[in-house]
Amino acid sequence: MESKFQQEQQRVDNVMGVITGRIRKLEEDTARQRNEVVQIRRHFWDEVKVNVDTFDDYLETIIGLRQEAQALAVSQSTHRHASKRLATLRRMKEAPYFGRIDFIEEGETTEEQIYIGIATLSDDSGEDFLVYDWRAPISSVYYDYQPGDASYVTPGGVIEGKLEKKWQYLIRGGVLQSMFDTSLTIGDEILQQVLGQGTDKHMHSIVATIQEEQNRIIRHDHGKLLIVHGPAGSGKTSAALQRIAYLLYKYRDSLNADQIILFSPNTLFNSYVSNVLPELGEENMQQVTFQEYLNHRLSKNFQVENPYDQLEYVLTATDSPSYQARVASIQFKASPLFFEAIEAYRESLEVSGMKFKDLLLRGKPVVSGEQIAERFYRKDTSLRFHNRLEKLKDWLLNKLKEAQNVERHEPWVQERIELLSDEEYNKAHAYLAKKRGFKRDSIADYEMDTKELAQLIVQQRLKPLRKQVREFEFIDMKGIYKQLFAKPLQIKQWMNGDTPGEWPAICEATLKMLDEDQLSYEDATPYLLLNELIKGFQANRTIKHIVVDEAQDYSPFQFEFLRRLFPSAKMTVLGDFNQAIFAHASETADFNILTNLFGPDESEVINMARSYRSTKPIIEFTRKLVPNGDQIIPFEREGERPELKQMRDHAELHRCIASKVADYQDAGYNTIAIICKSAEESRSAYEALAAIDDIKLLRIGSMEYEQGVVVVPSYLAKGIEFDAVIIYDASEHVYGDDSLRRIFYTACTRAMHDLQVYSVGEPTPLLQTVPQNCFIIE
């Protein structure tokens, strides 16, 4: 084995030599190409003779411009590709490859050794591959098979053969630290080593340790929808991001990173996963939260509540008189029943109920809302709804033209002309001269007609109204949405089912919010859906793939909205219903609503059962907290059992936490989270623990995932992992209600290596489902 190890180290050295040589050459090439781009940009106009005196001169100018632009585009593209390859090679210099298969293709007598890494590398002749990209077809054998018969799919067909051996390597800084023959030893030993290390501030992809079920996710390539359901720490997000890297590699001629969007739970998570794709040799895709999209669409007209403020209310306002009505509102407005009501309500607007705003000029209506409604319901009624609105828009634009002809003779126009400054007058003169065909050097010869100036002034005054008409802003969307709640009983005509008992109170609260130009989170998507059903969806057909993480937190409205918003996109959806912490999630929630949207033939569900994040004792503890938790299979990584300590008061709690944090830091843990139930509790805890060195408070809107010691609300910690987790106060007072089970489970499953649970007074009854041999009680 010693000589085998030395041979492998020699091969690593040889490959490192090739990588170093390529890096040196590419550094010289990229520096030269960068200078070329700079020179072309600097002297762009020196190379183009601009002459537009005759048509031939104009044509020659255009051709010259195009040639220079093409030369610049080629230089920029060459430099970009070289820089990308250079970045990949620099990553490979740390670990040139991580696996090897010895494969005999059917019909051949000798085995071929296939080394696998994050990118392809050939020898200097370009004929032999030193390393194969992990996304290449043959690399799937490494992930899918144990020694024996194996096959892989290529564009030319299926290649059959025999996998003789499979090796895993752990290389750091060009030094071979360990190697395993997976036919003789447990293949998870490398995963043991990787997971046993302290985590840094970013999620890292571990392509060396992809399991067979994760490989199914990564290389899944049929249908419109892939649903991945799995417990906390099962590698859903990592597999999904590696899937994106695989698709970008496989379809590199037709798919770009900017055609992919990740809808993530919060901006902290965006920071956390930011370097995974670049580490895999790909550019990063667009990342956005659904809240950011809602704000983009609605913040001009409303102050929109975010989901965490909604959840904060649910967690902290239980004594409020309106609490039950608010929770009922959240649940009902996320239901398919309300979705059907919105659609039926929109259909009813074809007959009556549309509301329109007055088109006002100088405080007086050019056309009143009543006149617009009368026209809508009297004319073109045989046309489809959207065509009727288009016709209405054309009619209104004509009305504005008529108003323009009338208004230019009004006294206010002459007054406005007299008050024009010299600068305004000269701008108007230049604009009208250009419109009349006068060239720059002859503008002074143009004599401006007062009638033309009057027309221009009225035209400019009417410009915002024309924009309002073209964008259908004359439709009173707020008034139309308010109608749904104006009379509590009338909604029954648009739905087949019962409203909650609190419906009258829900209607009253909704109307009050709308009157104050505020939109609760549960109303934001229904409002947008109704807006799109009336005005037509602003579909984005350039996006080819969507990844939705923490999908259990999305309502049917939001999925339907995303499907219609991105009609050309395939969707990868990741979720765990044990972490469905928002109030709209039902106890029996599943992804049937999604498969119904896309159709069973276009949908596939992959269930993951094994959890890799935490040690086996932590998983044994956390899986007892949730129904069906026994289906979660722990990864065989040993560690200490979680510990529960009961405190007399908060002063003792804070002393113990400070001491525990010091112990964790001495143990070398890089990321330590003190997880509280709510933001309110987090603020109090942070103030009380301020003496801990460099402690940070993570808030809603925090842009960066911080390393070190952080205090964080449970819901902001979703999707992120920490070396050690301290549950701030798991007392009956804080976690007394069974509705908080998923929140508590989510908080506990953030821990990789150590979990400490504190309780001020009696501990939460949620721990009654956990056998006492699963944790230590002090």
Counting C-beta onward and ignoring hydrogens, is there a side-chain heavy-atom pair between [X] and [Y] closer than 4.5 Å?
| X | Y | result |
| --- | --- | --- |
| Tyr745 | Thr622 | yes |
| Tyr481 | Pro526 | yes |
| Tyr308 | Leu716 | yes |
| Leu519 | Leu514 | yes |
| Thr671 | Met752 | no |
| Val760 | His733 | no |
| Ile217 | Met608 | yes |
| Trp503 | Leu489 | no |

Is the gap between the ring centers of [X] and [Y] under 6.0 Å?
| X | Y | value |
| --- | --- | --- |
| Phe561 | Phe537 | yes |
| Phe302 | Tyr527 | yes |
| Phe338 | Trp494 | no |

Around atom [atom1] of [X], are there more than 12 heavy atoms of other residues, nucleotides or ligands at under 6.0 Å?
| X | atom1 | answer |
| --- | --- | --- |
| Gln518 | CD | yes |
| Glu640 | CD | no |
| Glu516 | CD | yes |
| Glu508 | CD | no |
| Asp517 | CG | yes |

field: Those residues that, when tested against Ser611, pass side chain to side chain donor-acceptor pair (under 3.5 Å) (two or more places apart)
entry: none
Among residues at least two apart in sequence or on other chains, which ones pass salt bridge (charged side-chain N to carboxylate O under 4.0 Å, His left out) with [X]?
| X | value |
| --- | --- |
| Glu473 | Lys535 |
| Asp693 | none |
| Glu620 | Arg623 |
| Arg297 | Glu532 |

Does the [X] side chain pair with the main chain of [Y], one donor and one acceptor, at a distance under 3.5 Å?
| X | Y | result |
| --- | --- | --- |
| His654 | His650 | yes |
| Arg610 | Phe635 | no |
| Arg637 | Arg613 | yes |

Measuring from [X]:[atom1] to [Y]:[atom2], what's the distance to the nearest 0.5 Å?
| X | Y | atom1 | atom2 | result |
| --- | --- | --- | --- | --- |
| Asp738 | Gln768 | CG | CD | 10.0 Å |
| Leu653 | Gln646 | CG | CD | 12.0 Å |
| Met513 | Ser329 | CE | OG | 9.5 Å |

query: Do you see a donor-acceptor pair shorter than 3.5 Å between the side chains of Gln310 and Glu312?
result: no
With [X] via ring-ring contact (aromatic ring centres under 6.0 Å, His included) - residues at least two apart:
| X | result |
| --- | --- |
| Phe744 | Tyr735 |
| Phe566 | none |
| Phe621 | Phe775 |

Closest heavy-atom contact between [X] and [Y]?
| X | Y | value |
| --- | --- | --- |
| Met647 | Tyr758 | CE-CD2, 4.0 Å |
| Cys507 | Phe485 | CB-O, 3.4 Å |
| Leu298 | Ala524 | CD1-O, 3.9 Å |
| Val661 | Ile674 | CG2-CD1, 4.3 Å |
| Gly736 | Pro765 | O-CG, 3.7 Å |
| Ala747 | Ile675 | O-CD1, 3.5 Å |

field: Worked verdict on Tyr313 versus Ser322 for side-chain contact (heavy atoms from CB on, under 4.5 Å)
entry: CA-CA 11 Å; Tyr313 175 89; Ser322 57; 3.4 Å; yes
Among pairs that include at least one residue of [range], which meet salt bridge (Lys or Arg N to Asp or Glu O under 4.0 Å), considering only residues two or more places apart or in two chains?
| range | value |
| --- | --- |
| residues 750-768 | none |
| residues 663-688 | none |
| residues 317-335 | Glu305-Arg326, Arg326-Glu522, Lys333-Asp523 |

query: So Lys512 and Asp515, salt bridge (Lys or Arg N to Asp or Glu O under 4.0 Å) or not? Walk me through it.
result: CA-CA 5 Å; Lys512 185 174 183 294; Asp515 286 338; over 6 Å; no
- line: So the side-chain hydrogen bond (donor to acceptor under 3.5 Å, both in side chains) pairs with at least one residue in residues 227-236 (sequence neighbours excluded) are none
message: Does Val573 form a side-chain contact (heavy atoms from CB on, under 4.5 Å) with Val228? I'd like the steps, not just the answer.
response: CA-CA 6 Å; Val573 167; Val228 181; over 6 Å; no
- request: Evaluate the side-chain contact (heavy atoms from CB on, under 4.5 Å) criterion for residues Lys492 and Asp498: first the C-alpha distance (whole Å), next the side-chain angles of each, then the deciding distance (0.1 Å), finally the verdict.
  value: CA-CA 8 Å; Lys492 291 187 178 294; Asp498 293 326; 4.3 Å; yes
query: Tyr521 and Phe290: side-chain contact (heavy atoms from CB on, under 4.5 Å), yes or no, with the steps?
result: CA-CA 11 Å; Tyr521 184 68; Phe290 194 75; 4.2 Å; yes
message: Does Arg563 form a salt bridge (Lys or Arg N to Asp or Glu O under 4.0 Å) with Glu560? I'd like the steps, not just the answer.
response: CA-CA 5 Å; Arg563 187 181 70 86; Glu560 172 66 7; 3.3 Å; yes
